[in-house]
J.: 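Next up is a structure, given as structure tokens.
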Amino acid sequence: MMPRILPANPGAVPILVWARALPPGAEKQLRHIAAQPYAVEHVAAMPDVHVSSGVAVGTVFATEHHVVPGALGGDLGCGVSAYRFSAPETPLGRDVLEPLLARLARLVPVGDTVHRGRGVPLPPELESPPLSTQKLRHAWERLAPRHLGTLGGGNHFLELDRDAEGHVWLLLHTGSRGVGAAIADHHLRVAQAQGEGSLPGLSTRSPEGLACLADTGLACRFARANRDAIAARAVEVVAEALGVAPDPESFVDVHHNHVAEEPHFGRMLLVHRKGAVGLEAGQRGLIPGSMGTASYVVEGRGEPRAFRSCSHGAGRVLTRTEARARIRPAALEHAMRRVVFDQGRTASLVEEAPAAYRDITEVLEDEADLLTPLRRLTPIAVLKG
DNA sequence: ATGTGC
């Protein structure tokens, strides 16, 4: 079964594919990575692999001492957090969920909305971190206080789910906002100017490579702090509105756009994941479905050939442009008939409709050797970015 | 996904 092995081209490493359907454009992008001088062992494609700018989403690969800014995704540190609450005593009808969602929408700035004025206080360690250039320090100083605790746009979301036992879950998907974008953009330019390979990588034996690793790490810490800041407010509101307590043991957080130094195949490697999640064997993770479909709490199986990784979601099958052209708002309304959401935004939300994404159950089937599903979460209310 | 420059 999985994975399929695409034999190596001359001078390239092989590609291991966990996706039943590999879009031709994505295969081309995987072959591009596999042919880079810094790629070692093989390239792994997760089951939600799809074409993206430069490098396919769902790509995992490793280097010995190179960092490739173009292979991490623009939203560095983007990820998902989840909190479980006890089962509420009363049924959660629209009468409860609609005002709760409205409260959450007032509490959490969404889309391109930011905190006004000087913004919110940053945790001390993120107040003025040691970024590599004056330009980045300035961007951080200006953007970080305005963006901490904001959801952003695109596929970012905050939602409430229910599991089979009646527990309520808060799920949160967001990233490093403007500061991460500034950091990603800067190191992409540096790599284009002086990196190695046609998909430029920076040697971590050079100041540029070390600076890229350090700054990228800070973007990931900001992304995590952003999820924590939003959750701190949202958990309180949900607990109060539903009269249920969060279970601190239930917390799960994963990020899916990052580079990490990890031991694989007997040596330390720099594992790059663009739209993929790294999970040690037994570590819990989250795989969100598309808007209106189920998400899963999962447990990693530590498959070495996947660099101990799995998918980050359902994976797009239609681009945003294609989705706008092909999916009617009525179809999205039907798909969302059991979920409380802002119906005034149906027309623009077709880009995020379930029909624009792969079926999450097929994605999980394809990666049965990478993870074990623990709980299926059904959405009941969604706040989209 | 993003802020910014066209």
Side-chain angles (χ1 to χ4, degrees), chain A residues 29 48 50-59 68-81 108-119 131 133-158 172-192 212 215-216 218-227 229-230 254-259 272-277 288 290-291 312-316 318-324 345 348-352 356-357 382-385:
Chain A
Q29 292 187 316
D48 56 340
H50 60 276
V51 172
S52 177
S53 151
V55 173
V57 167
T59 299
V68 189
L72 303 175
D75 188 2
L76 297 170
C78 185
V80 188
S81 286
V108 181
V110 301
D112 56 12
T113 316
V114 299
H115 302 297
R116 289 186 196 174
R118 288 157 64 192
L131 287 154
T133 71
Q134 175 61 35
K135 191 189 69 174
L136 286 178
R137 288 191 291 273
H138 185 246
W140 184 289
E141 194 180 305
R142 195 167 49 85
L143 298 174
R146 286 200 267 156
H147 284 176
L148 186 75
T150 66
L151 194 65
N155 54 9
H156 292 168
F157 65 78
L158 188 156
L172 170 59
H173 176 205
T174 188
S176 52
R177 311 285 284 105
V179 292
I183 289 168
D185 185 59
H186 171 74
H187 291 289
L188 210 53
R189 283 167 201 267
V190 173
Q192 276 158 1
C212 177
D215 291 349
T216 298
L218 284 168
C220 288
R221 280 159 61 192
F222 182 85
R224 173 59 195 275
N226 191 31
R227 290 194 289 279
I230 294 173
V254 292
H255 53 167
H256 49 233
N257 288 342
H258 73 137
V259 55
H272 292 63
R273 298 187 178 90
K274 177 173 176 179
V277 169
S290 58
M291 179 184 178
H312 85 310
R316 274 193 177 276
L318 299 182
T319 65
R320 291 183 177 278
T321 311
E322 286 167 343
R324 278 199 303 275
R345 291 173 56 202
S348 59
L349 285 175
V350 292
E351 292 180 9
E352 288 294 321
Y357 286 84
V382 181
L383 178 65
K384 284 295 288 188

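Chain letters run A, B, ... following the sequence lines, proteins first, then strands; residues in each count from 1. These numbers were taken from a predicted model, which means no experiment stands behind them.
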J.: Rounded to the nearest Å, what distance is computed from the CG atom of residue A:Asp185 to the P atom of nucleotide B:dT2?
T.: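 Taking atom P of B:dT2 as the reference, CG of A:Asp185 is at 14 Å.
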
J.: Expressed as a whole number of angstroms, how long is the span from A:His138:NE2 to B:dT4:C1'?
T.: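 Going from NE2 in A:His138 over to C1' in B:dT4 covers 14 Å.
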
J.: Under 4.0 Å between any heavy atoms, over every strand shown, what does A:Arg142 touch: base, sugar-phosphate, or nothing? Just pick one.
T.: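 Sugar-phosphate contact only - A:Arg142 comes under 4.0 Å of backbone atoms but never of a base.
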
J.: In this structure, how many angstroms lie between the C1' atom of B:dG3 and the NE2 atom of A:His186, rounded?
T.: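 The answer, rounded to whole Å, is 16 Å.
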
J.: For A:His173 and B:dT2, give me the distance from atom NE2 to atom P, rounded to whole Å.
T.: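 From A:His173 NE2 to B:dT2 P: 10 Å.
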
J.: Once you round it to whole Å, what is the distance between P of B:dT2 and CH2 of A:Trp140?
T.: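 Taking CH2 of A:Trp140 and P of B:dT2, I get 16 Å after rounding.
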
J.: Contact between A:Ile183 and A:Trp140 at the side-chain level, heavy atoms closer than 4.5 Å - yes or no?
T.: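 Yes, their side chains come closer than 4.5 Å.
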
J.: Between A:His147 and B:dG3, is there a side-chain N or O to OP1/OP2 distance below 4.0 Å?
T.: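 Indeed, a polar side-chain atom of A:His147 lies that close.
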
J.: Enter the distance from A:His258:NE2 to A:Cys220:SG here, rounded to the nearest 0.5 Å.
T.: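 So the gap between those two atoms works out to 7.5 Å.
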
J.: Report the distance from atom CG of A:Asn155 to atom C1' of B:dT2, rounded to the nearest whole Å.
T.: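 These atoms are roughly 13 Å apart.
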
J.: So what does A:Gly175 touch, heavy atoms closer than 4.0 Å: a base, only the sugar-phosphate, or nothing?
T.: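 The residue A:Gly175 makes no contact with any strand.
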
J.: How many Å lie between CZ on A:Arg316 and P on B:dA1, as a whole number?
T.: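 Interatomic distance, CZ of A:Arg316 to P of B:dA1: 7 Å.
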
J.: Rounded to whole angstrom units, what separation is found between the NE2 atom of A:His256 and the C1' atom of B:dA1?
T.: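 To the nearest whole Å, that distance equals 11 Å.
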
J.: Just by modelled atom types, is the A:Gly119 backbone N or O under 3.5 Å from a matching donor or acceptor in the A:Arg146 side chain?
T.: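 No, A:Arg146 side chain to A:Gly119 backbone: no donor-acceptor pair under 3.5 Å.
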
J.: Using the benzene-type ring in the case of Trp, are the ring centres of A:His173 and A:His256 under 6.0 Å apart?
T.: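 Between A:His256 and A:His173, which both carry aromatic rings, the centre distance is below 6.0 Å.
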
